[in-house]
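This report concerns only the one structure given below.
Chain A is the first sequence line, chain B the second, and so forth, proteins listed ahead of strands; every chain is numbered from 1. Values below: every heavy atom of this structure, side chains too, minus hydrogens, waters and symmetry copies. These figures come from a predicted structure and were not determined experimentally.
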Amino acid sequence: MAKIKPRVKLPKKAKAGETITIKTIISHKMESGRRKDKKGNVIARRIINKFACKFEGQTIFGCDIEPAISANPYFQFNAKVEKTGEFEFIWTDDNGDTYQKKQTIKVS
Amino acid sequence: MPELSRRHILGMGAGALVVSSLSIPFSALAANTMATDAIMKFTGGAKPKDGLVTLDMPEIAENGNTVPVGVSVDSPMTADNYVKSVLVVADGNPSAGVATFHFSPMSGAAEASTRMRLAKTQNVIAVAAMSDGSFHSAQSVVKVTIGGCGG
């Protein structure tokens, strides 16, 4: 599989108490485990099965994912920010790998 | 056979028709059961109420591989009244589960969107679990032109 690259988009600055929108996407084939190759063998399932967004260690948003989510899974959600801090995004692969991305936000 | 009158034969034909028409929706019913099971497992047997939940989906999806789906729940999202999680199921997919979103009061708004696969024209159902223990749901029919589950 091509290199798995997580990407995150959120504002750099926000006002205290503001609800911001966060967009995330990760390049991943999300092999459903239902497709067959040319010889008729089932291609093993390999998906991102879990996603979590934490702010300063506290989970804000999470998602349990089934094979019915499209390739290159995209998530858009919200977070209410009260103070300056760091967001951490964690994707968990079926093979046990995790992919992480961190981004700070300045709150005034 | 004198007892097999014309009326009898007609009756038999009608009976056969009823049986055959019953057998068609059976597969759809089975798929629904899988989705219902998933919902019942999520709610712990409680029947979700209508309202509060909005499911934002296109009426017609040309490509079943990536169908945008958005869920929003009307909730103040405070520490004592918020949406805990939202289950999304599709009743016509090979397996009903799509995703479960977990929210917290720090989410600010109980809204999430993603992209999903749909194998065929079917119902998509979202069920929200509130912090007070109640469940709400919304349903939407999506017509799919090209299915997206591989095969």
Please verify the inter-ring angle class for Phe77(A) with Phe61(A); under 30° counts as parallel, over 60° as perpendicular, anything in between as tilted.
parallel

Heavy-atom pairs under 4.5 Å with chain A are the metric here; pick the option from Gly70(B), Ser72(B), Gly108(B) that has the most.
Gly108(B)

With chain B as the partner, which of Ile65(A), Asp64(A), Val81(A) has the greatest number of non-hydrogen pairs under 4.5 Å?
Asp64(A)

At a 4.5 Å cut-off on heavy atoms, which part of Ser70(A) comes close to chain B: side chain, backbone, both, or neither?
both

Please classify the contact of Ala71(A) with chain B as side chain, backbone, both or neither, using a heavy-atom distance under 4.5 Å.
both

Would one find more than 12 heavy atoms of other residues, nucleotides or ligands at under 6.0 Å from atom CD of Glu62(B)?
no

If I measure from the heavy atoms of chain B, does Thr59(A) come under 4.5 Å with its side chain, its backbone, both, or neither?
backbone

Step-by-step ring-ring contact (aromatic ring centres under 6.0 Å, His included) determination, Trp91(A) to Phe51(A)
CA-CA 5 Å; Trp91(A) 291 262; Phe51(A) 168 73; 5.1 Å; yes

Given that the side chain runs from C-beta out, which part of Gln58(A) has a heavy atom under 4.5 Å from chain B: side chain, backbone, both or neither?
side chain

Side chain, backbone, both or neither: which part of Ser85(B) has an atom under 4.5 Å from a heavy atom of chain A?
neither

Side-chain touch Phe55(A)/Lys80(A), heavy atoms, less than 4.5 angstrom
no

Please answer whether the main-chain N or O of Lys84(B) pairs with a side-chain N or O of Ser131(B) as donor and acceptor at a distance below 3.5 Å.
no

Find the one option among Pro68(B), Ala110(B), Ser104(B), Pro105(B) whose heavy-atom pairs under 4.5 Å with chain A are most numerous.
Ser104(B)

Quick one: does any side-chain atom of Thr114(B) pair with a main-chain N or O of Tyr74(A) as donor and acceptor, under 3.5 Å?
yes

At a 4.5 Å cut-off on heavy atoms, which part of Ile43(A) comes close to chain B: side chain, backbone, both, or neither?
neither

Any donor and acceptor pair, going by atom type alone, linking the side chain of Gln122(B) with main-chain N or O of Asn93(B) inside 3.5 Å?
yes

Under a 4.5 Å heavy-atom cutoff, which of Gly97(B), Ser107(B), Ala109(B) has the most pairs with chain A?
Ser107(B)

